[in-house]
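Heads up, the thing below is written out as structure tokens.
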Number of protein chains: 2
Amino acid sequence: MSRRSGILEFAVLGLLRESPMHGYELRKRLNTSLGVFRAFSYGSLYPCLKTLVQRGWLVEETSGQPEAESGTAQPAPLGGRRARIVYRLTAEGKEHFEDLLSQTGPDAWEDEHFGIRFAFFGQTSRDVRMRVLEGRRSRLEERLARMRASLARTRERLDDYTLELQRHGMESVEREVRWLSELIESERSGGRRSRPTEHESADPAHGAPGPSEDTDK
Amino acid sequence: MSRRSGILEFAVLGLLRESPMHGYELRKRLNTSLGVFRAFSYGSLYPCLKTLVQRGWLVEETSGQPEAESGTAQPAPLGGRRARIVYRLTAEGKEHFEDLLSQTGPDAWEDEHFGIRFAFFGQTSRDVRMRVLEGRRSRLEERLARMRASLARTRERLDDYTLELQRHGMESVEREVRWLSELIESERSGGRRSRPTEHESADPAHGAPGPSEDTDK
DNA sequence: GTTAGCATGTAAGGAGTTACATGATTTT
DNA sequence: AAAATCATGTAACTCCTTACATGCTAAC
């Protein structure tokens, strides 16, 4: 029970790996650095932090003030700002996160997970990065094939708007495939390339967040 | 209570408006015509159908065979294929769906709803279409502005991959904005992508899409 | 004669949201 | 002194999925 996949959990561990933080700050980071995609609410964040503590991946540190010289450790931070609970990644937590980072199962390139995986590519080994990028690409290519097939079958019967929606959807996926191909190429040839900086012109652009999910099971 | 948003419900009513269908077929249509986005499972579809029947928006028709001349109506369709339950939209259901179609609240242009709304644009009046398209566009423009602001603030501190992710995300949104602009232009000038025809007096008097929620509060 | 696809469901649960509740601190 | 924003949490609920359970019919 409790497979706890949760992209929130992953993101929290990843952010705390960089530095300890309290909930409120964490939430803001989730919605800027990573949160291009999703905005998480406190209603999910705080409970998540609790369970991570229970599993020993995080520890709470009730810090009244940064430089509290007073002997009394946790209970009464009377004097500083409201007792903020700072969460710090434990050694086990770090280990666990690295396990997660190294996983290359199909989950890693599903719509919901791919973004967050990519966001932590800086912490990910090259071969894992490659597998994830390639996995995602072939995922999207499959999807594209299905879309084309289905479109070919039903084209006549669809009205203009439905057609336009399909067309736009496919274009978005095609774009993302091209983007992935560029990234893969760039990884293959040694990485860290300074991208062809903005010329504001015909840059071979990239994909859209094609609304999610697959057709069939 | 019971805000009953549910994009599934909307999609089911919309598809059944075209013609009656049984669950299995419905599910397939959801995953081809509309389902570029999402694949719904039977586990949500069948219960949804049930509740729609309870509300009087659908009626079940247990049809053993198309031309069952036999007097016994429902109970025993022994002879045809397995008793498929065909769902038909009632007058009330139709009315309800048209109510939904005419709604132009912020929900209509949220990520999850916009796709399905667009898919039924063929059934939607022009002014509603315009409001939804413009609402969506200004939604995305807000988002873009926030992304740019946040990027400007944090650019230095982000690693290459995070940066690339942000860049790609923004580009996708920009693309969708352009797409919407084209559609809006095309709607304004009389529709069906033929010719540019007359534009009416440039009055942007649309029910202004207010600054709506996303990241922070 | 067995696999593949048609067809309908239910129970449990996952992953998150909203609304509520509370209070401190900073800015206006 | 009011408003914004910082900060933490809980309970109820939503919407959907997975896994299970069942059985028929068509094709190989």
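No experiment lies behind these values; they were computed from the predicted model shown. In what follows, chains carry the letters A, B, and so on, assigned in the order in which the sequence lines appear, proteins first and then strands, with residues in each chain numbered from 1.
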- Task: Report which part of the nucleic acid B:Gly23 touches: base, sugar-phosphate, or nothing (heavy-atom distance under 4.0 Å, all strands).
- Result: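 It contacts sugar-phosphate atoms only.
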Please give, in whole Å, the distance from [N] [atom2] to [X] [atom1]?
| X | N | atom1 | atom2 | value |
| --- | --- | --- | --- | --- |
| B:Leu49 | C:dT10 | CG | C1' | 15 Å |
| A:Arg27 | D:dC6 | CZ | C1' | 12 Å |
| A:Leu8 | C:dT17 | CG | C1' | 12 Å |
| A:Glu110 | D:dT17 | CD | P | 13 Å |
| A:Glu25 | D:dT5 | CD | P | 17 Å |
| A:Leu30 | C:dA15 | CG | P | 16 Å |
| A:Lys50 | D:dA7 | NZ | C1' | 13 Å |
| B:Tyr87 | C:dA7 | OH | P | 13 Å |

[Y]/[X] salt bridge by N-O under 4.0 Å criterion:
| X | Y | answer |
| --- | --- | --- |
| A:Arg143 | A:Asp111 | yes |
| B:Glu164 | B:Arg167 | yes |
| A:Glu98 | A:Arg17 | yes |
| B:Glu110 | B:Arg136 | no |

Of the options [options], whose atoms approach the side-chain atoms of [X] most closely?
| X | options | answer |
| --- | --- | --- |
| B:His22 | C:dT18, C:dT8, C:dG16 | C:dT8 |
| B:Phe40 | D:dT8, D:dC16, C:dA7 | D:dC16 |
| B:Tyr46 | C:dG16, D:dT17, C:dG9 | C:dG9 |
| B:Arg84 | C:dG16, D:dC16, C:dA7 | C:dA7 |
| A:Ile7 | C:dG9, C:dG16, C:dA7 | C:dG16 |
| A:Tyr42 | D:dT8, C:dT17, D:dT18 | D:dT8 |

- Under-4.0 Å side-chain N/O to phosphate OP1/OP2 contact, A:Ser41 with C:dT17: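 Checking A:Ser41 against C:dT17: at least one side-chain N or O falls below 4.0 Å of OP1 or OP2.
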- Item | Phosphate OP1/OP2 of D:dC6: any A:Tyr24 side-chain N/O under 4.0 Å |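 Checking A:Tyr24 against D:dC6: at least one side-chain N or O falls below 4.0 Å of OP1 or OP2.
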- Message: Going by the rule side chain to side chain contact (heavy atoms under 4.5 Å, CB included), which residues pair with A:Ser125 if we only count those two or more places apart in sequence or in a different chain?
- Response: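 Side chain to side chain contact (heavy atoms under 4.5 Å, CB included) check on A:Ser125 returns A:Asp127, A:Val128.
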